[in-house]
Amino acid sequence: MECKAVKGTRDFLPLQMQKRNYIFNTILNVYRQHGFLQIETPAMENLQTLMGKYGDEGDKLLFKILDSGMFLREEKIEEFANHIKASEVNKATKMIAEKGLRYDLTVPFARFVVNHQNDITFPFKRYQIQPVWRADRPQKGRYREFYQCDADIIGSDSLMNEVELLQIISEVFSKLKLNVAIKLNNRKILSAIAECLGKKDQITDITVAIDKLDKIGMENVLKELQDKGFSVEDCEKIKPILLINGTNKEKIESLAKIISCIEVGKKGLEELEYVLNKANNLGIENIDFDITLARGLNYYTGAIVEVKALDVEMGSITGGGRYDNLTGIFGLPNMSGVGISFGADRIYDCLEEKNLFPEDIATTTQVLFINFGEQEGDYCLKLAKQLRDNNISCEVYPDCAKLKKQMKYANDRNIPFVVLVGESEFQTKTPQIKNMTTGEQINIEEKDFAAYFLQ
RNA sequence: GUACUAUUAGUUCAGUUGGUUAGAACGUCGGAUUGUGGUUCCGAAGGUCGUCAGUUCGAAUCUGACAUGGUACCCCA
């Protein structure tokens, strides 16, 4: 029988879970320190909720859930077949699937806010750590099931929120000891550039193309724009914008000369400058204004941010931005929000590559009691309770197995201390403690037992 | 959707122009050592060589199709 995990999904061994929880705990502790509240939403949403929020390509990457029961009535079979023949996959799937697995946590959150608007207090700061699913071809740093760790502030258009999220990003990666570059841009600036060219409605084409500047170079970006119907003159106008470099301040000044004549451009630059200044005042230095940062999600309207690990071949490990009207689609207009999302699985891969997990990550149980028989075992159970009452995790080996086997168990489990209570220790009530790292062994009075582990 | 690459023991891999009974390391289990793990020594178990078809006296090895994994493009972020 074929039995393995679905393509692009993975099992996690206990050691991997320790490492994953280290990441999750680091992130959620920072979130909590900033006053964010946890929520969860279901793995599946109505397709109606998900479709059309991530662009055409995004719709293709949605996992759809086949309706239960007799999902295709006889009289509908021909209609269904016709859609298939015409390659109208969307129309065909609509007939047999009404649910899908969530693609990210932001869109379900928007639905959540609309549904529960009377139960939450705005500005609402929520965090959410849950898996999402994308029917992508897996490759390095790309999975079909992966965890996002989102934090959003909705119901406030203050730029202080952007600053706080940058602070969170900075705190998390400093705690994880991962060197990163934070890239910042603003959708309003990109809109202004499009408007400058008189191509307001082609902003997506522009952003998709210039986003690739790093990867494919200036020549190919311009070529791609021309393929999309931009003229040589348009390209000549874009070129100097893409060539702008220097410090953040210099870049803002250079760009201001070109786009501040456009209202939205001026606004975008002001926002960007404000956020950069406030972040710098908080000691966050590693933020770069990156004109080519676009991010594909269509719902962003203001700040956009992306984080990449330095010296690791890996796509973005954190992303986010401001969306002014995401809840509007679900019937609650004028609700601005801004959020970020840490990609836990990619962060895991970076930490693994850089060897940045703490050394004691494999240690879970602190103390193992060796089992020498029934009466010694009973005595160990009492000692174990004493340790647990002192918040020390420990376990008693369940069988009176060979000592070698029990010791090996402690060793394999990375348990730092072993307690041996054989016949003589039992008689004298002086448990023997062995330090598995140094090999040292000492006998200790029962009354001093728990205290030994508390130093 | 396109391309490249791989698939042999639990894992990582070797396997000569196609030629007898397919090997190693690590891991597992047992023993040396019935109160001491991690080191050492000895031993054992473990494989339908991804599947199907073809070429051949003979296929892990050559050919084809399919399946699965990985990588890159597209795309996503």
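So that the names make sense, note that chain A is the first sequence line, chain B the second, and so on, each numbered from 1.
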Distances for protein N/O vs nucleotides 25-28 of chain B N/O pairs under 3.5 angstrom?
from	atom 1	to	atom 2	distance (Å)
B:U28	OP1	A:K408	NZ	3.4

task = Would you mind classifying the nucleic acid contact of A:E376 as base, sugar-phosphate or nothing, using non-hydrogen atoms under 4.0 angstrom?
result = nothing
request  = Using the C1' atoms only, state how far B:A22 lies from B:G46, rounded to an integer number of Å.
outcome  = 14 Å
ask   = Given B:G35, B:A77, B:U36, which nucleotide is nearest the side-chain atoms of A:K434?
value = B:U36
Among B:U71, B:G35, B:U36, the nucleotide that comes nearest once only the side chain of A:F372 is considered = B:G35
remark   = For A:K212, the side chain to side chain donor-acceptor pair (under 3.5 Å) test, sequence neighbours excluded, returns A:E224
task = Go through B:G70, B:A32, B:C75 for me and flag the one nearest to the A:P138 side chain.
result = B:G70
query = Which pairs count as salt bridge (charged side-chain N to carboxylate O under 4.0 Å, His left out) when at least one residue sits in residues 426-435 of chain A, sequence neighbours excluded?
reply = none
inquiry  = Can you check the distance between B:U34 and B:A24, where both ends of the measurement are the P atom (answer in whole Å)?
reply    = 30 Å
query = Donor-acceptor pair under 3.5 Å: do we get one between A:R142's side chain and the base of B:C75?
reply = yes
ask   = Between A:D157 and A:S336, do the side chains contain an N or O donor and an N or O acceptor separated by less than 3.5 Å?
value = no
ask   = What closest approach, in Å, do A:Q406 and A:D399 show between heavy atoms, and which atom pair accounts for it?
value = NE2-O, 3.5 Å
query = Can you tell me how far P in B:U56 sits from the matching atom in B:U61, rounded to whole Å?
reply = 16 Å
Stretch residues 336-350 of chain A: residues that reach within less than 4.0 Å of RNA chain B through a heavy atom = none
message = Just N and O in the side chain of A:K7: are any of them under 4.0 Å from OP1 or OP2 of B:G69?
response = yes
ask   = Within less than 4.0 Å of OP1 or OP2 of B:A72, is there a side-chain N or O belonging to A:Q139?
value = yes
query = Restricting to pairs with a member in residues 127-143 of chain A, which pass salt bridge (charged side-chain N to carboxylate O under 4.0 Å, His left out), not counting sequence neighbours?
reply = A:D136-A:R142
P-based separation of B:C49 from B:A59 [nearest Å] = 12 Å
query = Within the structure shown, what part of the strands sits under 4.0 Å from A:R137 by heavy-atom distance: base, sugar-phosphate, or nothing?
reply = base
message = Do the side chains of A:D345 and A:R10 get close enough for a salt bridge, i.e. N-O under 4.0 angstrom?
response = yes
key: A:E306, nearest nucleotide to its side chain (from B:A77, B:C76, B:G35)   = B:A77
request  = Scan A:Q406 against the nucleic acid and name what it touches under 4.0 Å (heavy atoms): base, sugar-phosphate only, or nothing.
outcome  = nothing
key: Residue mapping more 5' on RNA chain B - nearest nucleotide basis, A:G141 or A:S424   = A:S424
task = For B:C26 and B:U21, measure between their P atoms and round to the nearest Å.
result = 28 Å
query = Any side-chain donor paired with an acceptor under 3.5 Å for A:T364 and A:Q18?
reply = no
task = Pick base, sugar-phosphate or nothing for A:G422, based on heavy-atom distances below 4.0 Å to the nucleic acid.
result = base
inquiry  = Using atom C1' in both nucleotides, what's the gap between B:U55 and B:G18 to the nearest angstrom?
reply    = 11 Å
task = Nearest whole angstrom, please: distance from the P of B:C76 to the OH of A:Y300.
result = 14 Å
inquiry  = For a quick check of understanding: with a heavy-atom distance under 4.0 Å over all strands, which category does A:K212 fall into, base, sugar-phosphate or nothing?
reply    = sugar-phosphate
note = Contacts of A:K125 meeting side chain to side chain donor-acceptor pair (under 3.5 Å) (sequence neighbours excluded), chain-then-number -> A:E164
key: A:R111: partners by side chain to side chain donor-acceptor pair (under 3.5 Å), with sequence neighbours left out   = A:E45, A:N115
task = Could I get the full list of ring-ring contact (aromatic ring centres under 6.0 Å, His included) partners for A:F24, not counting sequence neighbours?
result = A:Y147
ask   = Under a 3.5 Å cutoff on both atom distances, Watson-Crick or G-U, what's the dot-bracket for RNA chain B ([ ] crossing, | other strand)?
value = (((((((..((((.....[...)))).(((((.......))))).....(((((..]....))))))))))))....
remark   = Sequence neighbours excluded, the answer for ring-ring contact (aromatic ring centres under 6.0 Å, His included) partners of A:F230 is none
message = Does B:G31 have its OP1 or OP2 closer than 4.0 Å to a side-chain nitrogen or oxygen of A:K402?
response = yes
key: Whole-Å gap separating P (B:A77) and NZ (A:K60)   = 14 Å
ask   = Within the structure shown, what part of the strands sits under 4.0 Å from A:G58 by heavy-atom distance: base, sugar-phosphate, or nothing?
value = nothing
Counterpart residues, ring-ring contact (aromatic ring centres under 6.0 Å, His included), relative to A:F372 (two or more places apart) = none
note = Sequence neighbours excluded, the answer for ring-ring contact (aromatic ring centres under 6.0 Å, His included) partners of A:F426 is A:Y379
ask   = Taking atom C1' in both B:U7 and B:G15, what distance in whole Å separates the two?
value = 15 Å
task = Determine the interatomic distance between C1' on B:A60 and the same-named atom on B:U71; round to the nearest Å.
result = 25 Å
